[in-house]
Amino acid sequence: MSSGTHSTPDTPAADLGTSAADPATLVDRLRAGLPAEAVLTDPDITASYANDMASFCEAGTPAVVVLPRTVEQVQHVMRTATELRVPVVPQGARTGLSGAANASDGCVVLSLVKMDRIIEISPVDRIAVVEPGVVNATLSRAVGEHGLYYPPDPSSWETCTIGGNIGTASGGLCCVKYGVTAEYVLGLDVVLADGRLMSTGRRTAKGVAGYDLTRLFVGSEGSLGIVVRAILALKPQPPQQLVLAAEFGSAAEACDAVCRIMEGGHVPSLLELMDRTTIRAVNALAQMGLPETTEALLLAAFDTPDPAADLAAVGALCEAAGATQVVPAEDAAESELLLQARRLSLTALEGVKGTTMIDDVCVPRSRLGDMLEGVERIAEKYSLTIGVCAHAGDGNTHPTVCFDAADPDESRRARESFDEIMALGLELGGTITGEHGVGVLKKEWLARELGPVGVEMQRAVKAAFDPHHLLNPGKLF
């Protein structure tokens with residue numbers, strides 16, 4: 001069993017995240033190029049920046065937290081850190097679920113939330129140029145005023161930042177039609193470990209000049225450089241979507257419906273699944289009135305010119321797969337109510353036992369039913385409550401292990417079940433993470449998925465950008 005928090009034997013010493021620099025010297029050097037209010041040293045305050053929202057992930061004690069507002073200030077931080085050989089942990093809103101933003105002992109926490117300007121929105125070029133601290137929902141609303149649409153919508157979209165979305169290559173409910181964050185990042189400005197500023201990518205619709213370094217930074221979890229500006233692709237605002245809810249007597253039938261929908265060539269704007277445990281948790285939290293007698297609830301939506309016709313076709317496929325009831329929403333308000341229930345899933349499951357470990361194993365759509373059946377067996381094996389909600393249209397499942405953190409035996413079983421879920425995903429031809437990232441939670445499992453040659457090459461890339469291993473040490477591998 002692996003908790004995902006131990007370094008592998010090949011991890012460079014600096015990756016363990018310790019710093020030998022004198023804290024007073026570090027703080028003085030930082031203050032020489034930063035406003036006084038941007039440098040936080042009060043231990044009670046800096047402790048609040050120590051970790052993100054992941055369970056079972058080690059976090060150290062930062063020496064200082066800095067909140068720069070300009071690119072030049074970020075460069076000053078990185079030059080100082082490199083000269084003093086101090087690790088730097090970049091952070092956004094700390095809504096991540098893998099420990100990727102967790103501090104290491106003696107590090108500089110580089111919080112980018114104050115760099116929150118939307119620099120440009122171009123309806124002609126269909127791009128937005130933003131700083132990393134811009135909140136996802138803020139950007140979505142701003143581009144909407146121009147008739148445009150920024151599709152990536154993580155569940156935490158009201159609080160998570162674009163920089164964090166880029167760092168973890170986040171997804172969301174709309175990925176089945178519109179894709180993930182990586183598909184919308186056209187170019188980046190990145191401050192490297194030594195303080196140099198590098199621009200990657202483009203603002204044009206096409207471009208294939210050189211290696212795709214932009215894509216390399218997406219999902220790198222701040223381990224290669226600090227993103228200080230992003231050029232993001234936008235879409236025209238689609239019509240208001242309508243949602244359909246289909247009830248099933250088994251998760252297998254719901255997964256069969258997913259396969260029928262995708263095989264039939266339909267392109268829903270979302271296709272989401274909630275199992276019985278998740279439905280009951282949402283009802284307990286918000287009294288949503290979801291059908292607790294069903295084993296699985298499938299939500300399908302279309303934002304096409306005639307969504308009612310598309311929903312009717314998908315509804316027929318759901319009935320053919322065994323749906324006991326199919327209910328299309330009559331209007332946007334009813335659709336939004338159904339989506340709100342899905343967005344509450346992870347929060348609701350936290351209330352079952354008080355603590356959760358949220359997996360995000362992604363499998364081929366054709367193996368989605370096998371994944372859910374396997375999770376059910378694992379839950380029975382370890383006598384645990386494991387609720388599953390999923391971006392069913394792209395095979396991205398979120399098995400959520402509910403447990404009492406004050407119970408050592410239950411905590412042990414939770415960690416072991418978490419590992420078995422990841423192993424199951426790999427056995428089914430999937431990946432250990434579809435959108436939450438690796439962080440410290442899954443780094444040993446990343447090595448298993450990549451294999452020794454893959455790990456060797458990824459470490460070589462890391463060394464090229466960060467030879468002293470100062471950027472987000474101890475993450476990924």
[X] vs [Y] side-chain heavy atoms within contact, under 4.5 Å:
| X | Y | answer |
| --- | --- | --- |
| His398 | Val388 | no |
| Val228 | Met115 | yes |
| Asp359 | Lys442 | yes |
| Gln340 | Glu336 | yes |
| Thr356 | Val401 | no |
| Ile261 | Leu271 | yes |
| Phe217 | Met198 | yes |
| Thr214 | Leu186 | no |

Do [X] and [Y] have side-chain atoms, one donor and one acceptor, less than 3.5 Å apart?
| X | Y | result |
| --- | --- | --- |
| Asn283 | Glu292 | yes |
| Glu420 | Tyr382 | yes |
| Asn165 | Asn136 | yes |
| Ser223 | Asn472 | no |
| Glu449 | Thr431 | yes |
| Gln241 | Ser269 | yes |
| Thr278 | Ser345 | no |

Using 0.5 Å steps for rounding, measure from the [atom1] atom of [X] to the [atom2] atom of [Y].
| X | Y | atom1 | atom2 | answer |
| --- | --- | --- | --- | --- |
| Ile421 | Ile432 | CD1 | CD1 | 13.5 Å |
| Cys107 | Leu470 | SG | CG | 11.0 Å |
| Leu110 | Gln91 | CG | CD | 8.5 Å |

Side chain to side chain contact (heavy atoms under 4.5 Å, CB included) between Ile127 and Leu232, worked out: CA-CA 5 Å; Ile127 62 169; Leu232 305 174; over 6 Å; no

Take Asp360 and Asn396 through the side chain to side chain contact (heavy atoms under 4.5 Å, CB included) test and state the conclusion after the steps. CA-CA 6 Å; Asp360 77 313; Asn396 195 170; 4.0 Å; yes

Do NZ/NE/NH1/NH2 and the carboxylate oxygens of [X] and [Y] come within less than 4.0 Å?
| X | Y | answer |
| --- | --- | --- |
| Asp419 | Arg415 | no |
| Arg141 | Glu158 | yes |
| Glu444 | Arg448 | no |

Aromatic plane relationship, Tyr178 with Tyr149 - under 30° parallel, 30 to 60° tilted, over 60° perpendicular: perpendicular

In terms of heavy-atom contacts, Gln240 and Pro307 come closest through O-CG, 4.5 Å

Is a donor on one side and an acceptor on the other found under 3.5 Å between the side chain of [X] and the backbone of [Y]?
| X | Y | answer |
| --- | --- | --- |
| Ser250 | Glu253 | yes |
| Lys353 | Asp404 | no |
| Lys462 | Leu471 | yes |
| Glu221 | Val438 | yes |

Is the count of non-hydrogen atoms from other residues, nucleotides or ligands lying under 6.0 Å from Arg202 atom CZ greater than 12? yes

Inspect the surroundings of CE in Met457 and state if more than 12 heavy atoms from other residues, nucleotides or ligands are less than 6.0 Å away. no

Residue pair Phe302, Leu242: steps toward the side chain to side chain contact (heavy atoms under 4.5 Å, CB included) verdict: CA-CA 6 Å; Phe302 285 88; Leu242 285 181; over 6 Å; no

Contact list for residues 171-191, test salt bridge (Lys or Arg N to Asp or Glu O under 4.0 Å), sequence neighbours left out: Lys177-Asp303, Asp189-Arg229

Quick test of your reading: applying salt bridge (Lys or Arg N to Asp or Glu O under 4.0 Å), list the pairs with at least one residue in residues 262-283, sequence neighbours left out, ordered by first then second residue. Glu272-Arg342, Arg276-Glu295

So Ser170 and Thr181, side-chain hydrogen bond (donor to acceptor under 3.5 Å, both in side chains) or not? Walk me through it. CA-CA 6 Å; Ser170 61; Thr181 295; 3.3 Å; yes

Any residue meeting side chain to side chain contact (heavy atoms under 4.5 Å, CB included) with Val65, in chain and number order, not counting sequence neighbours: Leu40, Thr46, Tyr49, Leu67, Val109

Ile358 vs Leu346, test: side chain to side chain contact (heavy atoms under 4.5 Å, CB included). Steps then yes/no. CA-CA 8 Å; Ile358 304 168; Leu346 299 181; 4.0 Å; yes

